[in-house]
Amino acid sequence: MSTTSFSVDLRDLHFVLFDQLAAHEQLAAIPRFAELDREVYEATLAEGERLAREVLAPINAPGDLAGCSFDGQGNVTTPKGYREAWEVLREGGWLAPSAPSELGGSGLPFTIHVSLSEMLCGACMAFMMYAGLTVGAARVILGHGPEGTREMIARKMFTGEWGGTMCLTEAGAGSSVGDNRCRATPTDEPGVYLLEGEKIFISGGDQDLTDNIVHLVLARTPNAGKGTKGLSLFMVPKYEFDAGGALGARNGAKVLRIEEKMGIHGSSTCVLGLGGDLPCRGVLLGQENQGIELMFLMMNEARIGVAVQGHAMAAAAYNYARGYAQERIQGQSIREARSQDAPSVAIVQHPDVRRMLMTQKVYAEAMRSLLLRMALVVDREHATEDPAERERLRGRIDLLTPILKATCTDLGFEVAVGAVQVYGGYGYIGEYPVEQLVRDVKICSIYEGTNGIQAMDLVGRKLRIGGGALFIEWMQEAQSRLAAAAEAGLGGPAEAIGKAVQLLAASAMHLAGLGKARKVEAAMIQAVPFTRMFGLVLLAIECVEQALVAARLRQTRGDEPLLIGKQRNLEFFVAAILPQAIALGKSIQSNDESALDPSLFV
Amino acid sequence: MKILVCVKRIPDPDESLKFAGGGLDYSASKWVPNAFDEYAIETALRLAEVVGGTQRLAEVIVLGIGPESQRQQLTQFLAMGADRGIIVDADPDKLDTATVSKLIAAVFKKEAADLLIAGKLSQDNEGGQVPQRVAGLLDVPQASFAATVEWDQAAKALTVGREVDDGVEVKRVPLPAVVSVDLRIVLPKSVKNGSTPATHAYQEGPRLASLKGITMAKRKPVAVLKPSDLGVAVGTNEQVVGVAAPPARKAGQKVKTVEELFEKLTKEAKVI
């Protein structure tokens, strides 16, 4: 491992998927995946790792440096190497791993898709955004696109022949998507509207990777109500096409400019003009005023996808930092500080560097465990035919998605910043890879619903569903998992984490009490701290589970460093990180409203 | 046309070696295919496939020798595009180069293959003997260390560019034959099969398996044979006497004058 070469922690992925979650066994019970097995999954991960390392990692830094360019005529050119990489991923079926194979996807479980995303996003997040958005848009079209052509369009997108985007944001309508002003006027042709307006922050709004681009655009029909309930969703292609997919005239959705950004320079972020110099035709998806509902159908998975990005960047950053700390020789061992001729040692020998690496390791590994557990729930939810079971699984996904999105993206940033600190001065300069990770990952806490929005979704909606039923069900399961851990000999850590769960429940009750007392602002001021606390508790439980599995495996596999590491992860988490959750719990219940004082920030 | 390709699994050469009990400790090793075997399968697939068409000019069979359960590397070659596999189920500790060569030759005959493509050596013990031995056992022409291959379909012959010390030797071998391949065989224009346009530039290096290839690989037939099925008695005449890490390098000495250096070189080191 070199200080500047990208690497993937395949062994830990194997540990989580096969030893801890027994994903191959759980997935084998799903008819669609019955023919797949551990060997196929391992081969997929091995090849995915090679793809990440050999195809995507080499274009990451050059793409960051060069960025996208815009010709002023609506056309974006992606960085050098992106087109070739797109072809490699396209030909190999890597763009849409979990899309149905009969529609050009590769038919793998979402769990394996998430595992691949960790590697591919970690190697080049900016590039993978084109794939992620295309697949997300294709799923909406497959569900609600025009009958007769929806499968043709989805196939072209899953195979990477066409691209896709999501057009929600407008100037003045970002988090408040209900303030959308884009207009859609019906034409004589049924289902076809003329769109006018301007969308901003459109990732992949134009690119030179695909023959066509299908934009999904939120707009307001005449006489529609205000707010999100008056929005409709339209399919707006860059080029018109016939029933067979043959391309026709240029449509009036055109990029007006691209943004200069902090990071993800290889991903074009566009201002998209609708109906400027050419009429912009859009086909209504679903019914009028159903736009937000349709968008939200894929929102959970999109938000899990962003959580995966956050984790992917954390994992990449940690791997870089660990490699660098082993290679970089500087300073003497603290034990020999007084000796004039003590040899210089690798910085990994220094206690503070070890503390930083430990923090990064615990977060990266616990997030991996948490996300893959969630991905398995998504696979099971898609597969089950039992309505009660589906309802239960959907509830779990609904509850945890905002927490995962916020936690993994915030921690992704923190871990990347920590990696810069391990590199010291070299971390701050562009010659080494970690400063780019900091800039790239920052967007994850902002887009796809800011982490503030996630927290409001959790506290304002998810906790209140069924009078807190989702939370109570989660808590009961968490307590039984902790009880099982205590039974298996991890009583100390299980008890400490159990207290944090209790405090989390008390904090939730406290916020509910504020809500009942109509102190909504006082409750919402604690939404982000509560989400953070919840996230830390989730990660703590993953650490216990992993330590249990590792203890079991050590009886047969011996003291492998990976297995010892899981025990240490748990010890470190309980000692050094869990107290942060306890502190947050106290802070949430403090009734402090100082920030709400209207005389501030004037 | 039938092309036989061998695959050997080896401990990942990028990982550091562990020593235990006078030998190497492979208990925690990550196993990978020998890189030269990856070049061999890439060569075979470039010969067999017609770029831009669906026609296949040859059947590509992957052969692995070792425990039946350890077939991940063979599956990987099937995922890359080989048609079927053969495993000769045998204990690797009871195999030496001579026995392995006999087994490969026996499979070659059984299959009535036209071409064996093998890596020029395996990266773990770097013996570099197997392809040559197989050619001898089969009494067929061979071209070793191939850097380029051109297939003349009509004449049933290969033109092989071999990298030798003083340049590139070009050899024409009639089929059936044995070819062992070197690193440069996977350059973009090293392999020409007479049907893919000669101007076609392949992606450099052994190809990545497609996701479809990976999921399909399990459905491809893999025959499992015993050495006795092939009439070969398993045994080894090789014996490992001991394996040890090279001694650590000793610290150097600093000398103050040229005279002192000369003194040390002549009296102590006795090199001049």
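Chain letters run A, B, ... following the sequence lines, proteins first and then strands; every chain starts at 1.
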| note | Bottom line for A/E84: the part with an atom under 4.5 Å from chain B's heavy atoms is neither
| said: Is a donor from one side chain sitting under 3.5 angstrom from an acceptor on the other, for A/N569 and A/Q546? | reply: no
| note | Okay, A/E47 and chain B: the region with an atom under 4.5 Å from a heavy atom over there is both
| Contact origin within A/L36 toward chain B - heavy atom pairs under 4.5 Å | side chain
| task | For a side-chain contact (heavy atoms from CB on, under 4.5 Å) with B/V234, tell me which candidate from B/L95, B/D91, B/V100 qualifies. | result | B/L95
| task | Tell me yes or no: between the side chains of A/H382 and A/E301, is some donor less than 3.5 Å from an acceptor? | result | yes
| field | Reported CZ-to-NZ distance for the pair B/R84 and B/K220, which is rounded to 0.5 angstrom | value | 12.0 Å
| Portion of B/Q73 that has a non-hydrogen atom of chain A nearer than 4.5 angstrom | neither
| task | Look at the rings of A/F18 and A/Y41 and say which category their plane angle falls in: under 30° parallel, 30 to 60° tilted, over 60° perpendicular. | result | parallel
| Proximal component of A/L89, with respect to chain B [non-hydrogen, under 4.5 Å] | neither
| message | Given heavy-atom pairs under 4.5 angstrom as the criterion, report whether the side chain, backbone, both or neither of B/K212 touches chain A. | response | backbone
| task | Counting only heavy atoms closer than 4.5 Å, note whether A/R557 contacts chain B via side chain, backbone, both or neither. | result | neither
| B/R207 versus chain A, the contacting section by heavy-atom distance below 4.5 Å | backbone
| message | Let's go through B/E15 and B/S29 carefully: what are the C-alpha distance in whole Å and the side-chain angles of both, what is the deciding distance for side chain to side chain donor-acceptor pair (under 3.5 Å) to 0.1 Å, and is it a yes or a no? | response | CA-CA 8 Å; B/E15 293 191 337; B/S29 290; 5.1 Å; no
| Rounded to the nearest 0.5 Å, how far does CD of B/E42 lie from CE of B/M80? | 5.5 Å
| query | Under a 4.5 Å heavy-atom cut-off, does chain A meet the side chain of B/A79, its backbone, both or neither? | reply | neither
